[in-house]
Amino acid sequence: MGSFFRRLWYLLRRSRHDAELREELEAHRALRQARLERDGLTPAEAEDGSRRALGNVTLAREDVRGVWIAPLIDDFCQDLRLSGRRLVSRPVFASAAILTFGLGIGANTAVFSVAETLLLRQLPVPRPDELFSFVRVGARERGESFSFPAFAYVQSNAHSLGDVAGYATRLAHVTANGREVDVGVHLVSGGYFRVLQVAPSIGRALDDVNEQDAPAVAVVSDAFQHRYLSPEVSAIGALVTINDAAYTVVGVMPRRFEGLSLDAPADVWLSIRSQPQLDGSSALESAGSNWVRMIARLPGGLRHPPHTDEGERLAQAFKASWGGDLDIRGIDLVSASRPDSGARDLLTAPLALMLVVVALVLLVACINIAYLLHARATARAREFAIQAAIGASRARLARQLVTETMLLAVIGGTVGIAFASLGTRGLLTYIVNHAYGAFQTPEWLAMEVNPAILVFTATVAVLAGLATGGVPARRAGSADLVLGLRSGSCSTGDRHAARGGHRLVAGQLTLSLLLVAIAGTFIQSFRDLRQIDLGFRPEGLSQFDVAWGRPQLPDSQLSEVASEILEDLQHTPGVTAASMSVPGVFSRSTWQATVSLPASLRESLLVPVTSAAPGYLSTLGVVLRRGRDFSPEDTAQAPPVVILSEAAARTLFPGTDPIGRDVRLYGAASPVRVIGVATDIRLRDVLAPPPPLVYVPYLQGKGPRAGSVTWTLRSALPAAALARQVERVVHSKSPTATVRVRAVVDVVGESVFLERTTAWLTGLFGLLGLGLAVVGTYGVVSFKAQGRIPEVGLRLALGATPSGIRRQMWSDAMKPIALGLGIGGVLSVGAIRVISGYFQGLSAAAPVAVASALFLLMSTAALACFVPVLWASKGDPASALRCE
Amino acid sequence: MGLTNTPSDLLPGTLELLILKALSAGAKHGYGIVEHLRLASDDILSVGESALYPALQRILLRGWAKAEWGTSENNRRARYYTLTASGRRQLTAERAEFDRMVGAIQRVLLTS
């Protein structure tokens, strides 16, 4: 074995070794030259002669290399050939093992690539580590957006923070080449591309000159160019219409660069000064509306923000220069090497959990294969004994077994990468579309077999191979030669083998129980989720909104059309109740309002506000605890009124009746009368307790914008029929509009997509683990029972009763099962306690889940034991003894 | 003439045996071993470098000798080989084996 390590050592420092040999040969030649000179030759002749005598140096070096490496490669090739032959000769075993490895490694690769892509991948710009984004620190909240004046101030005054750039993301309606499409548009300041150090692949980028003049120019993404601009003509100079304003394309960004937002990738970049044209109203002058995100590349390539009070100084100076009441106290810097994303925090825990779960699945799979090999190694004891007898060293035998599993694992890993690349793309698209709410999958998120993933998969495959091969290899290494040669195929059992098998069974049940318990907990908690009372009745409820065609109607006209649609819906047969609101329940967007008592303006609440038409609350199934609903008389001319949720009423008017009292909304001077108190509802989050809410009358027009109305219907009609009715009504008012009707149950379901996906995936993997555990346990027990047939025969012949033998075999088989389940139970409780810290609502589900998992595995394992034990004890003593 | 670049001129393992013997007197570099063999065999054994160095590497690989860099007579860096304990054991064993072999060959040749 010593020479094996010396060889490895040589391999590691091969080039150094080669250089030393060259030097040694040169020294040799010099010595010979010196002797030839002493013999009377001229130095030139001596050098010539010494070189001739040295002969072919390259050949000598080749030979030396051969001494060290050839046997290593030779052994390896031999092991590999032998392993290959063995696997080919056992195609069923080989394909089962490769498939098991493939599924296990593939699941690991898939989850890892999703995690790598969403959580770890950096921005495709030079040196992303140097990028930092700014966080606004206010008295009430921390925010990532700043007002435009704040950005302009910081940009021109933040000298020690280097070059500062600003950007904002929008979804806009674009017409290009006669096609209409909604794409991501990023508004960027002049320094944006300079700070990021991204150069356009064609044309030019936007710079400070563009920002000042604010000409109508645009830069487009590579994907946009290929999709929507004519491929024959150069994109430069093409005209695109964005929200009714025309822009000239001046540059195309390189492939993969799609801005700094993962949730809303950019297809078009416009100057930040184009904001008024894009949004329809200017936000450039207001210090109260925060919409610009800031990013900087620290000077001198710093990787950590300097500890200065620069942020605080800037914030205070800006506040002083502006002179208003602004909620900004300081500015923090956070790393922006990865794209900004609101969903990353949401996904970290589920993805980490999935990584653990798939690792467990792979371990269970490894144990299964290890057991198959272990069983074969036991059966192959004779083969090993012969090999050892004709001179194979034990190390060599063990190495050969490990090579065999490595080969299986590597082939399995290759299969796994194929599985993973099939699964990852779908998984990514699903996650991005649901969790991120992104309207398109970012181009650079494309799954690719990149070095990180390859290294991960290779490591997993090698570890799996080593872990799997280790057990049978140790067994082969310690095999008793004489016993192996003598006993042949009918062994009376070998203590080593039995103990190895026991450990494998115990380990497998431990891991399977852990897996099934975790899966069960998630499934149980997801089922609990569906029982949660939302505060309204989602069954039979549908909602829809309308995308009006272009040109867009002004808000006043829209509100008129919306009311007309509502009126028609209320008279549609099959519709029990209909109303409208901004926003609907479980909408992606929320509107917030500050609410306070007239006396204490300082202590205001920031709560979600819904603008509701008369009958909205009763359509939802929300009960009014006190007071009345909005009526058609609550118009802009009538005195302003508001309905509070119970939680809001409790907070604002603790212990008193709020009906008839006044509150102030949006900090306005005029009071608003409270006319009702509604039961609490979960507005957008199933898991969180119901938040305090306020409802304002839609007809008074004080609340959220009328342009984004959601209609809510209660109807017994089937979804398709209802959708047809709704479309007919809407198209009679606006033929170009598009309508999307959805059951509220589905909308609520989508809001818990992450919980659902986690439950589904863990459930799936739990099932896989359970299946593997059953197959494995059954295999182990039945194999052991089979191995004991001669022993049982002997005992029967000597007068033991079948029931006595059954009892003994039963207790032998159950011992490792009980041990494994015991350890697994303790581990599961601990693991679920740790996991509960990262997921809501798990702890309630855990006890039931662990208990059911325990019961499930115990009964399956018992069943797996029962059949083989019964079968073995019924053996015919004569035939059992004959094979001895 | 004696040993050249093909070690198969000798009985297998003989070159290693000769090198081990050369080293048993003390540490030597490659050229020193060649010179030692040449002088000790009255100019009959002349070992080529392309046979010597692979043989030295085989000896290193098996752990019979270890190599260290030192300074040669003409003030150059040269690699000196020293016999290890297992090398000494190997030398004794191989000598006995070689004697047995040569004796056997002798007897075969002497049998008429």
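The analysis underlying the following values was restricted to heavy atoms, covering all of them including side chains, and did not include hydrogens, waters or symmetry mates. To find a chain, count down the sequence lines: A is the first, B the second, and so on, and within it residues start at 1.
Interface residues of residues 64-71 of chain B toward chain A, defined by a heavy-atom distance below 4.5 Å and sorted by number: B:W69.
No more than 12 heavy atoms of other residues, nucleotides or ligands shown are found within 6.0 angstrom of CZ on B:R95.
Atom CD of residue B:E35 and atom CZ of residue A:R32 lie 7.5 Å apart, to the nearest 0.5 angstrom.
The salt bridge (charged side-chain N to carboxylate O under 4.0 Å, His left out) check on A:E26 picks up A:R29, with sequence neighbours excluded. By the side chain to side chain contact (heavy atoms under 4.5 Å, CB included) test, A:R16 pairs with A:R13, A:E20, sequence neighbours left out. Residues satisfying the side chain to side chain contact (heavy atoms under 4.5 Å, CB included) criterion with A:D48, sequence neighbours excluded, are A:R52.
In this structure, the portion of B:L52 lying under 4.5 Å from any heavy atom of chain A is its side chain and not its backbone.
A side-chain contact (heavy atoms from CB on, under 4.5 Å) with A:E24 is found for one member of B:R77, B:R79, B:H29 and no other, namely B:R79.
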